[in-house]
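Every heavy atom of this structure was used, including side-chain atoms; hydrogens, water molecules and symmetry mates were not. What you see is a predicted model, and the numbers here were worked out from it, not measured in a lab.
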Protein chains: 2
Amino acid sequence: MRILLIEDERQLADALSVALRKHGIVTDHTMHLADAIELTHQNVYDAILLDRRLPDGEGLTFIPELRRTGADTPIIVLTARNEPMERVEGLNVGADDYMGKPFLVEELMARLRAVLRRPASLAELHLTAGRMLIDPLHLSVTVDTIPLDLPRRELLVLAALAKRKDKTVLRSTLEAAVYNYEEEIQSNALDAHISRLRKRLLDAGAGVAIHNIRGVGYLLKEE
Amino acid sequence: MRILLIEDERQLADALSVALRKHGIVTDHTMHLADAIELTHQNVYDAILLDRRLPDGEGLTFIPELRRTGADTPIIVLTARNEPMERVEGLNVGADDYMGKPFLVEELMARLRAVLRRPASLAELHLTAGRMLIDPLHLSVTVDTIPLDLPRRELLVLAALAKRKDKTVLRSTLEAAVYNYEEEIQSNALDAHISRLRKRLLDAGAGVAIHNIRGVGYLLKEE
DNA sequence: TCACCAAGATTGCAGCAGCATTGCGGAGCT
DNA sequence: AGCTCCGCAATGCTGCTGCAATCTTGGTGA
């Protein structure tokens with residue numbers, strides 16, 4: 001873990017560096033805004049600690065400057081300027097957090113952790129098949145990023161097949177995927193769905209084919 | 001944008017709901033921890049505001065409980081318990097930010113924006129679609145830099161659609177984005193919003209179209 | 001190999017659930 | 001007070017979907 005500390009009070013900066021090192025954090029330190037931008041180009045930081053009052057200007061100006069380069073590095077502003085409106089100002093230009101001096105190192109660490117916490121990758125329930133990306137949770141299908149809208153029942157059939165891509169899916173399984181126990185079907189409705197679905201997938205160039213296994217069920221195969 | 005407010009002071013809660021509403025945020029409110037967990041299971045929130053002193057316990061216990069379910073929803077703790085060590089405590093159990101009472105609503109908004117902007121968050125700072133630039137945090141929409149002002153609810157619908165541009169958004173998701181659980185709708189209010197929104201987008205030449213996917217939901221597509 | 005037939009594929013059709021539109025009136029804001 | 005927003009409901013429309021009729025396919029047995 002590596003962070004950039006932009007701070008002109010040498011004593012505080014040194015104390016912080018030591019404290020952070022105890023937490024296994026590598027700290028780069030500069031006193032000047034001009035150097036700061038340069039440093040962010042040369043290194044990838046996990047976070048940036050930023051003072052407002054600096055020898056060469058207001059520290060906050062650094063934030064939009066950095067954001068414009070596309071970096072979303074978390075920034076925590078550390079400053080004596082801690083009036084409510086000043087905090088709002090800091091957060092609104094893109095800071096991720098704002099701490100008034102003086103502060104406990106423990107609190108800084110806690111806020112650092114808060115800012116750095118990344119989401120555990122949410123269960124990615126995305127299915128792919130051919131050129132399609134299927135999101136059964138949101139009921140959406142895209143072919144090469146072009147959205148493909150399918151009627152509800154056809155979509156359910158497709159999702160059920162894609163979930164077991166390259167494996168046969170029993171006819172009864174498909175029926176269960178599309179109809180609840182209240183909806184009985186006494187016809188070849190499922191076959192009709194398959195047929196219409198095939199046509200739509202073909203038209204969209206989805207890169208898949210639905211094969212039939214006689215007397216058993218169906219199978220989705222990539223081409 | 002939808003948030004959950006866990007707060008037992010009714011007066012503060014009401015005031016916050018109103019204030020947040022003015023910023024286009026839909027607020028669900030509960031006074032009890034037990035209900036809170038239930039609500040997070042039933043809805044997807046963009047953020048959670050959490051009081052510490054609650055009738056049925058210490059609010060902080062809610063945080064690990066929520067995290068254990070895999071949710072990484074940003075949490076801001078709002079409390080009178082604002083000693084440095086108490087703040088550390090809050091942040092260390094997984095809060096994303098910590099604010100002492102009393103506070104300015106402006107600062108809360110600023111911190112909300114900061115928290116939602118974090119890479120961990122799903123919320124985007126700016127959404128683009130067609131010729132539009134949408135800033136859901138500031139409730140502004142521009143078409144080729146010309147501001148377009150939309151009624152609150154239409155804007156919520158648009159933002160929800162734009163966030164998942166080119167993907168279907170379930171009807172229920174849209175309803176959740178626009179209404180909190182207290183506001184029941186027994187009509188086609190959502191359809192009406194869609195209809196009016198379409199007309200406005202057309203008049204403004206926004207370069208997008210809202211498609212319907214029968215029985216599923218809607219989809220925002222660029223032209 | 002060929003005929004036979006059951007299983008599957010396709011497609012027109014009608015019914016209807018779901019959607020679009022719009023006027024109205026109440027509520028809320030300035 | 002005047003305005004916009006917004007929920008509601010009436011109306012009309014669209015296209016999904018179940019059904020059935022018809023055609024095609026592929027497995028089976030003599």
Side-chain angles (χ1 to χ4, degrees), chain A residues 139 141 148-159 161 168-175 177-203 209-221, chain B residues 14-15 17-24 26 139 141 147-161 168-175 177-204 209-221:
Chain A
L139 298 180
V141 180
L148 170 63
D149 43 301
L150 295 174
R152 191 169 120 272
R153 305 223 118 128
E154 290 174 31
L155 204 145
L156 292 172
V157 170
L158 177 61
L161 288 171
T168 51
V169 181
L170 296 186
R171 194 184 181 83
S172 59
T173 305
L174 286 177
E175 283 173 357
V178 177
Y179 299 95
N180 69 29
Y181 60 88
E182 287 171 335
E183 304 167 313
E184 307 232 340
I185 44 170
Q186 314 148 14
S187 71
N188 62 346
L190 180 61
D191 306 56
H193 288 312
I194 296 269
S195 173
R196 290 167 185 145
L197 180 55
R198 277 182 176 137
K199 179 159 169 31
R200 269 191 243 264
L201 293 179
L202 195 69
D203 290 349
I210 299 175
H211 294 274
N212 170 264
I213 286 111
R214 214 150 226 266
V216 181
Y218 292 86
L219 180 152
L220 185 73
K221 220 171 159 182
Chain B
D14 289 345
S17 293
V18 171
L20 291 169
R21 212 187 89 139
K22 287 192 182 138
H23 287 88
V26 177
L139 293 183
V141 179
L148 170 64
D149 48 305
L150 294 174
R152 193 172 60 91
R153 305 222 119 132
E154 290 175 31
L155 200 143
L156 290 171
V157 170
L158 178 61
L161 287 170
T168 49
V169 182
L170 297 186
R171 195 185 181 80
S172 59
T173 305
L174 287 177
E175 283 172 357
V178 178
Y179 301 96
N180 72 26
Y181 62 85
E182 286 171 336
E183 304 169 312
E184 306 198 7
I185 44 169
Q186 316 151 11
S187 71
N188 60 349
L190 180 61
D191 306 56
H193 288 310
I194 295 270
S195 177
R196 291 168 185 144
L197 181 55
R198 275 183 177 137
K199 181 160 168 31
R200 268 190 245 266
L201 293 179
L202 196 68
D203 291 349
I210 299 175
H211 292 273
N212 168 264
I213 289 118
R214 213 153 232 264
V216 181
Y218 292 86
L219 181 153
L220 185 74
K221 218 171 161 179

Whole angstroms only, please: what is the CG-P distance between B/D191 and C/dG18? 11 Å
Return the value, rounded to whole Å, for the distance between atom CD1 of B/I213 and atom C1' of C/dA17. 17 Å
Separation of atom NZ in B/K22 from atom P in C/dG28, rounded to whole Å: 13 Å
Report yes or no: is there a donor-acceptor pair, N or O only, under 3.5 Å between the side chain of B/R153 and the base of C/dG28? no
Between A/N212 and A/G217, the two heavy atoms sitting closest are ND2-O, 3.5 Å
In terms of the nearest nucleotide of DNA chain C, which residue is placed more toward the 5' end: A/Y218 or B/N212? A/Y218
For C/dA9, does either OP1 or OP2 sit under 4.0 Å from a side-chain N or O belonging to A/S195? no
Considering only heavy atoms of chain B and a distance under 4.0 Å, specify the first and last nucleotide of DNA chain D in 5' to 3' order that meet this criterion. D/dC5 to D/dC16
Want to settle it: does A/H193 or B/H193 sit nearer the 5' end of DNA chain D, counting the closest nucleotide to each? B/H193
Roughly how far, to the nearest 0.5 Å, is the CG atom of B/L220 from the CG atom of B/L201? 8.0 Å
Would you mind telling me which residue lines up with the more 5' stretch of DNA chain D, B/A189 or A/E154, judged by nearest nucleotide? B/A189
Would you mind classifying the nucleic acid contact of B/R196 as base, sugar-phosphate or nothing, using non-hydrogen atoms under 4.0 angstrom? base
Heavy-atom closest pair, residues B/G215 and A/R152: O-CD, 3.3 Å
With heavy atoms under 4.0 Å as the rule, sort A/R198 into base, sugar-phosphate or nothing. sugar-phosphate
Could you state the atom-to-atom distance from CG of A/L190 to P of C/dG8 in whole Å? 10 Å
From CD1 (B/I194) to CG (B/N188), nearest 0.5 Å: 11.5 Å
Looking only at heavy atoms, what is the nearest atom pair of A/D149 and B/I213, with distance? CB-CG1, 3.3 Å
From the candidates C/dC19, C/dC29, C/dA6, the one with an atom nearest any side-chain atom of A/R214 is C/dA6
On a heavy-atom basis, the closest approach of B/V26 and B/Y179 is CG1-C, 3.8 Å
Residue pair B/V18/B/V216 against DNA chain C: nearer the 5' end by closest nucleotide is B/V216
For C/dA7 and A/R171 - does any side-chain N or O of the residue sit under 4.0 Å from the phosphate oxygens OP1/OP2? no
Run the side chain to side chain donor-acceptor pair (under 3.5 Å) test against B/D14 and tell me which residues pass, sequence neighbours left out. none
Over all heavy atoms of both residues, which pair between A/R198 and A/H211 is shortest? Give the atoms and the distance, please. NH2-C, 4.2 Å
Check: A/N188 side chain, C/dT10 base, donor-acceptor under 3.5 Å: yes
Over all heavy atoms of both residues, which pair between B/A160 and B/L174 is shortest? Give the atoms and the distance, please. CB-CD2, 3.7 Å
Give me the bend of the helix from C/dT1-D/dA30 to C/dT30-D/dA1, using the axes of the five pairs at each end, rounded to 10°. 50°
Whole Å only: how far is the CD1 atom of A/I210 from the P atom of C/dA7? 21 Å
CG of A/L197 to CZ of A/R153, rounded to nearest 0.5 Å, is 14.0 Å
